[in-house]
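So the structure is just underneath, and the comments pick up after that.
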Amino acid sequence: MSPVAWALALPVVPAIAALAGFLVPSAARRTAAGVGIAGAAAAGVVLFLQLGQEIPELPDTASSTLDGPVLVRFGDVAVTLSAGVSQLTWWVAAIVVLVALLVQVYSVGYLLKGDERYAPYAAQISLFTSAMLLVVVADDLILLLIGWEVMGACSYLLIGHDRKLPEAPGAAVKAFLVTRVGDVGFLLGILVLGFHAGGFRYGDIAAFMSESTGTTIFTVTALLIMLGAIGKSAQFPLQTWLPDAMAGPTPISALIHAATMVAAGAYVLVRLSDLLVKGDVRIVLGVIAMISMVLSALAALASDDLKRVLAWSTVSQVAYMMAAVSVGATATAIFHLVSHGLFKALLFLGAGAVIHMAKTNSMERMGGLRKGAPVTFWSMTIGFAALVGLPPLSGFFSKEHVLSGIYDTRGQTVLFVVGLVTALLTAAYATRAWLRTFFGETRTEGLSAHDPGAWMLWPLVVLAVPTVGFGLFAGLTPLLHGKTHPTAMGLTMTAVAAGIGLSFGIWRGDKAADPARALGPLQRVFARGFYLDEVQNALVVRPVYFLSRLARRIDVSVVDGAAEGTGRGIGGLGRLVAIGHRAGIPRQVVSVLAGALLIGAAAVVMGVWG
Amino acid sequence: MKYLSLMVVIPLLGALVTAFVPKHKPKTAKIVALVVSVIVLGFTIAAAFAFEAGGDRLQLSESYPWIPQWGLRFSFAVDGIALVLIGLSAVLVPLVILASWKDADDDGTGGRRNVPTFFALILALEATMIGVFAASDVLLFYIFFEVMLVPMYFLIGSYGGPRRQYAAVKFFLYSLVGGMLMLAAVIGLWVTAKDGLGHATFDWNEIVALAQGGGIPGDLQKWLFLGFFAAFAIKAPFFPFHTWLPDAGGAAPAGAAALLVGVLDKVGTFGILRYCLPMFPEASKYFAPLAIALSLIGVLYGALLAVGQTDLKRLVAYTSISHFGFIGIGIFAFSSQAATGSVLYMVNHGLATGLLFIVVGFLVQRRGSQSIADFGGAGKALPLLSGVFFIAGMASLALPGTSPFVSEFLVLIGTFSVNKTVAILAALGMVLAAAYILWMYQRTMQGRLNPKLAELAPMKKDLSLREKVVVAPLVVLIIALGVYPKPLLDVIEPAVSSTMTDIGVSDPAPTAATGAEK
């Protein structure tokens with residue numbers, strides 16, 4: 001098989017599983033679950049077989065081995081079925097496949113029994129996986145765009161899956177719409193870039209950048225593409241959809257947050273990082289990353305909903321990836337993407353187990369769940385520790401590398417300080433969530449802690465292993481670039497210790513109360529995500545509704561009114577003519593005759609004139 | 001083989017036969033209609049194989065004398081554009097017949113609906129639709145253009161919803177006004193051609209040759225252009241001539257609405273490409289900014305109106321106004337890519353909106369209401385139907401991977417090379433498209449179950465075998481053409497580039513062509 005076929009096998013295999021899954025009758029839930037698991041597992045087999053191939057270390061876009069057949073030719077510009085895998089992208093694909101597989105397995109325990117729509121659910125996960133893998137392997141940006149948007153449609157379906165939640169459909173619409181705003185920018189950016197470059201392959205764009213001397217086009221397209229990435233990755237100001245998307249089933253949250261959709265934005269910017277340099281817009285990305293990481297960390301600190309804490313933490317951690325891209329540390333960004341994928345999947349699946357036993361998302365009604373649920377407790381502890389960045393867990397290495405990368409870059413003091421502050425806040429909110437969930441006394445009567453069944457338990461164990469060990473072995477992969485800086489590491493560890501200490505200290509004062517109470521009235525502001533939802537409503541949603549109502553009024557009274565008025569006028573004329581003839585000729589016939597007269601006159605005029 | 005005339009005559013004869021089936025044997029009428037439409041589809045496929053992509057501009061030509069004194073002939077011939085639109089009609093009609101299988105049946109309220117006539121009207125409509133695309137004589141085109149109104153008028157007026165009379169008359173009058181202006185222009189054209197060529201003719205080839213030789217003076221071009229354009233802009237419809245469409249689309253039976261929006265309206269945009277541009281190149285350029293402005297308003301205005309709709313069928317009709325705006329922009333951007341995109345858009349929009357109307361029809365028939373508020377949570381009991389509805393919606397908002405994306409993308413890329421502002425503003429329509437589709441889906445299929453739905457037995461019946469047979473080909477086409485549009489583009493592109501040559505457009509070359517080939 002050619003390298004292109006090898007690469008395309010990755011998205012094709014789960015796509016076949018999706019198609020098969022959609023054809024499975026909805027009563028055969030177990031079959032559907034089996035098809036979904038088999039699809040993800042088969043993608044994993046493809047990944048391992050690829051190790052037998054020669055894979056370049058970094059994406060080799062200049063190589064013609066990536067070129068696939070032409071799908072469609074738009075004049076001078078062609079869309080090709082080009083795809084390829086490098087070691088860097090292999091790791092992203094690996095985390096996607098691993099998380100997808102575990103989510104399929106986990107869902108069997110989480111949903112299968114009580115959900116009559118399990119069959120399409122499993123198939124949608126397969127399609128989602130396929131779409132993300134297409135984004136990862138695509139070498140042609142139009143192919144990437146197909147994966148990008150199909151993922152959006154799947155996320156819509158999956159977030160809105162739970163029919164019992166009244167807010168689920170609205171959250172699904174919001175997720176699709178907010179990301180769509182970014183996507184239109186993304187589409188325009190790709191379109192303009194590809195049109196000027198004469199092709200949509202990364203290689204075409206690289207060649208175009210090396211030839212062209214202008215910068216405006218690159219600035220514009222880089223900003224447009226960044227808009228798309230910001231939407232998908234839920235960065236400021238398009239982060240509003242992500243917390244609401246928690247209405248989706250918890251395994252879906254794991255899928256969306258850890259490995260797929262949210263990671264896609266950061267991934268694309270890594271692949272197009274040269275464009276950001278050429279367009280000179282990295283500073284914009286840096287600023288967005290700074291705002292996103294602090295804002296969402298504060299929101300995570302104040303939120304009472306366990307899943308929302310994790311959702312906000314995703315925004316904050318993806319912002320670290322964006323920050324790494326903004327200083328050119330692209331391999332490090334992917335490193336953090338992979339390690340974040342591991343521990344965030346672990347945390348979400350663990351949170352699913354917690355919610356399963358507590359029957360609520362609210363941490364106010366949890367507490368003391370440590371006893372009786374050792375696997376859940378320990379796996380989430382590992383996840384939280386990795387999120388905080390405690391050595392020697394994977395999150396420690398990747399976060400250190402991000403911050404060291406920023407530290408080593410000239411003139412990025414502000415970004416580094418903000419990164420440190422975020423590390424402190426991360427430690428604080430993770431500690432708070434950990435303590436509130438597992439320690440103290442249980443705050444709900446009759447709540448007995450217990451570990452979930454095997455389907456849900458084993459994915460936790462499987463994820464816990466690499467969450468601990470991946471960082472130690474990252475030196476064997478191309479992900480570990482650069483070196484950790486002692487000063488940066490010392491400062492980071494101090495910030496982390498301070499964050500943990502703060503949360504722990506306040507919590508010890510009153511083990512039943514929320515440590516976030518120390519924020520005072522700000523807690524409410526933070527928990528509501530700084531009221532940016534309200535801002536978005538006031539600035540975008542309501543004006544659109546208003547315009548829609550206005551357009552409707554205009555259409556009825558002005559546009560149609562004018563036409564009907566004319567119609568009545570003509571009708572009146574017709575009646576006049578009819579009266580003149582004193583015969584009951586139907587109105588239409590009258591107008592036809594009148595029209596014929598008019599036309600005859602016109603023809604005469606034209607004849608004379610011509 | 002005389003494909004084109006057969007493809008007009010067969011459905012016409014079929015319509016006659018169907019109409020004379022006794023009223024108490026509705027099933028016979030349905031089967032006859034279905035068989036005839038499938039035969040026409042077979043002929044269309046054969047014709048498509050006989051058509052040589054990249055060959056002569058007009059192919060499969062036939063010509064028979066009619067009124068020699070006027071130079072009027074029964075002339076048929078197709079270019080790539082006409083061919084794909086005929087293909088669209090031939091694909092949609094059998095599906096619509098099957099989808100409307102029970103629409104004309106006595107529902108206990110109408111009582112006097114004649115089933116054979118309904119299906120005869122659909123076949124008659126097919127004959128005129130194929131005729132209007134296949135005509136290569138200007139007066140013949142005009143005649144089909146006008147006759148086409150009649151079956152549609154009766155389909156709406158006799159078989160439509162509560163406001164059918166109003167909607168049918170409105171549809172008829174609007175079209176008639178446009179048609180008269182066109183007739184005036186046709187006569188003017190004939191006079192001009194007679195002067196210029198020395199003999200009377202309505203032949204499209206001769207008139208275009210005359211026009212291309214500069215035989216139609218500039219001022220006259222403008223008047224004639226306006227005559228044709230007014231008819232086409234009403235038919236398409238472009239803002240501000242669109243207000244008949246929501247009424248007609250809302251009142252027409254779903255199958256007829258699918259044909260109305262899916263095919264009939266394309267005659268407007270087809271006419272602009274086939275008649276306005278080659279015959280009046282100067283005037284086309286002169287009025288292009290106006291046409292683009294109207295189209296752009298249509299994109300945004302139609303989408304905004306769709307967002308606020310409370311009636312399912314009207315909503316779909318308004319989305320079409322937005323989509324027709326895209327088509328208009330693509331035509332008047334005067335670049336091969338954009339125009340190719342527009343033609344492809346016509347086909348894809350026919351498939352996507354056709355499917356959307358058909359699925360909406362299934363829903364309305366089950367619920368007995370087309371008000372969105374009467375649904376809510378309907379997807380729970382109808383997983384397949386809601387799945388197809390979702391796919392149709394995604395196609396309508398041009399999700400990459402579905403066929404409308406390719407056309408929307410082509411229009412945008414072609415327009416961008418000419419006018420960046422227009423392309424960017426039009427792209428806003430894509431966000432609004434997501435809004436109206438998702439809100440529609442949310443309000444009908446998701447959320448709390450409307451308590452009334454639980455009492456209605458039909459709302460618990462998912463797609464029947466007949467309905468599956470109707471939607472499956474459309475779903476397959478939408479996805480297949482979304483990934484591999486090449487077969488259509490191969491046919492469309494030569495025709496479009498001839499049209500572009502007619503108006504003297506040579507495409508702006510991409511700035512870095514050297515980077516393309518590695």
Side-chain angles (χ1 to χ4, degrees), chain A residues 26 64 71-72 74-77 117 120 142 145-146 148-150 153 156-157 160 163 166 169-170 172-173 176-177 180-181 184 187-188 191-192 195-199 203-204 207-208 211-212 544-545 547-549 551-552 555 559-560 563 567 588 591-592 595 598-599 602-603 606-607 609-610, chain B residues 172-174 176-177 180 183-184 187-188 191-192 195 220 223 240 243 301 304-305 307-308 336-337 377 380 383 387 390 394 399-401 406 409-410 412-413 416-417 423-424 427-428 430-432 434-435 438-439 442 446-448 483-486 489 507 509-516 518:
Chain A
S26 54
S64 61
L71 260 186
V72 52
F74 302 144
D76 308 300
V77 192
R117 291 185 306 124
I142 299 296
L145 189 70
I146 293 179
W148 184 266
E149 294 262 349
V150 169
Y156 169 83
L157 290 170
R163 298 233 186 259
V173 171
F176 195 101
L177 277 186
R180 179 84 171 178
V181 170
V184 169
L187 172 71
L188 282 174
L191 187 151
V192 176
F195 179 75
H196 284 276
D204 297 329
F208 176 47
E211 279 163 18
S212 177
V544 168
Y545 273 127
L547 280 176
S548 170
R549 275 199 304 275
R552 237 183 125 180
D555 206 51
V559 182
D560 201 31
Q588 277 99 317
S591 6
V592 172
L598 188 90
I599 289 154
M606 297 253 177
W609 186 11
Chain B
F172 199 83
L173 285 181
Y174 258 87
L176 207 62
V177 169
M180 282 171 186
L183 179 60
I187 295 168
V191 174
T192 316
D195 285 356
L220 183 60
W223 286 106
T243 54
Y301 185 77
L304 276 172
L305 281 165
V307 168
S336 301
Q337 284 166 346
K380 193 172 174 13
F390 185 75
M394 289 297 115
L399 191 85
V406 184
F409 186 79
L410 266 171
L412 282 178
I413 200 172
F416 194 90
S417 61
I424 290 169
L428 282 181
M430 301 178 74
V431 178
L432 290 172
L438 293 180
W439 273 324
Q442 183 192 354
Q446 298 184 314
R448 204 179 297 272
V483 183
Y484 196 66
K486 197 167 173 296
L489 286 174
D507 276 323
T511 47
T514 45
K518 286 185 308 190

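Given the structure is predicted, the values throughout are model-derived calculations rather than measurements. Proteins get letters first, then strands, A, B, ... in listed order; numbering begins at 1 in each. When reading the values below, keep in mind they use all heavy atoms of this one structure, side chains included, and skip hydrogens, waters and symmetry mates.
Only the side chain of Phe390(B) comes within contact range of chain A, with at least one heavy atom under 4.5 Å from a heavy atom of that chain. The contact between Leu412(B) and chain A is made by backbone and side chain atoms together, counting heavy-atom distances below 4.5 Å. Within the 4.5 angstrom heavy-atom criterion, atoms from both the backbone and the side chain of Met430(B) approach chain A. Only the side chain of Leu188(A) comes within less than 4.5 Å of a heavy atom of chain B; its backbone N, CA, C and O stay farther away. Arg180(A) touches chain B through backbone and side chain together, each having a heavy atom under 4.5 Å away. If you measure heavy-atom distances from Pro240(B) to chain A, the contacts under 4.5 Å come from both the backbone and the side chain.
Considering only heavy-atom pairs separated by less than 4.5 Å from chain B, the leading option among Leu187(A), Leu547(A), Leu177(A) is Leu177(A). In terms of heavy-atom pairs under 4.5 angstrom with chain B, the leader among Val184(A), Val181(A), Val150(A) is Val184(A). Comparing Val431(B), Val406(B), Leu428(B) by heavy-atom pairs within less than 4.5 Å of chain A, the highest count is held by Val431(B).
Heavy atoms only, all atoms of each residue included: Ala153(A) and Leu399(B) are closest at CB-CD2, 4.0 Å. The heavy-atom pair separating Gln446(B) from Gly160(A) by the smallest distance is NE2-O, 4.1 Å. Across every non-hydrogen atom of Tyr301(B) and Ala551(A), the tightest pair is OH-O, 3.4 Å. Minimum interatomic distance between Gln442(B) and Val173(A) (heavy atoms only, all atoms of both residues): OE1-CG2, 3.2 Å. In plain terms, the two heavy atoms of Ser417(B) and Phe195(A) that are nearest each other are CB-CZ, 3.3 Å.
Of the possible polar contacts, one joining the Arg552(A) side chain to the Gly308(B) backbone as a donor-acceptor pair under 3.5 Å is found.
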